[in-house]
Amino acid sequence: MHRPRPVTEVPDVVGLGAEDACDIVRRAGLVPVGPDGAPAPATGVVSAQRPIGAAGAEEGAKVALWTHPGKDAAEALVGPSPRESADLDPV
């Protein structure tokens with residue numbers, strides 16, 4: 001008889017850089033992958049994941065990560081400063 005694998009909580013990695021997100025998913029005992037079973041993303045910022053953060057998953061289960069281009073999470077999530085915004089206004 002096959003015993004079920006332990007269940008772990010899926011970490012919420014949306015908004016993190018791909019490398020950090022994959023490391024966190026691995027430390028939780030899960031396997032990061034790209035969409036449609038592609039290899040785990042190595043660059044960009046995680047914009048979505050499945051299963052969602054805080055869901056339960058069996059250890060060793062796959063967590064699909066979608067990314068968008070970006071150097072790191074901080075650059076992607078921080079908008080321009082008020083001064084930079086004023087400089088962009090052509091009026």
Task: Any residue meeting side-chain contact (heavy atoms from CB on, under 4.5 Å) with E59, in chain and number order, not counting sequence neighbours - done: P6, T8
Task: Pairing residues for R5 by the side-chain contact (heavy atoms from CB on, under 4.5 Å) criterion, not counting sequence neighbours - done: E58
Task: For C22 against P41, the heavy-atom pair lying closest together - done: SG-O, 3.5 Å
Open item on the list: Can you list everything that forms a side-chain contact (heavy atoms from CB on, under 4.5 Å) with V13? Sequence neighbours excluded, please.
Closed with: P11, L16, A21, I24, V25, V46, Q49, L65
Task: salt bridge (Lys or Arg N to Asp or Glu O under 4.0 Å) contacts in which one or both residues fall within residues 15-26, not counting sequence neighbours - done: D23-R26
Task: ILVMFWY cluster membership beyond V31 - transitive side-chain contacts under 4.5 angstrom - done: V33
- [ ] Indicate the atoms forming the closest heavy-atom contact of G56 with V10, along with that distance.
- [x] C-CG2, 4.4 Å
Open item on the list: For H68 versus S47, what's the shortest heavy-atom pair and its separation?
Closed with: CD2-CB, 3.5 Å
Task: By side-chain contact (heavy atoms from CB on, under 4.5 Å) - contacts of P35 (at least two apart) - done: W66
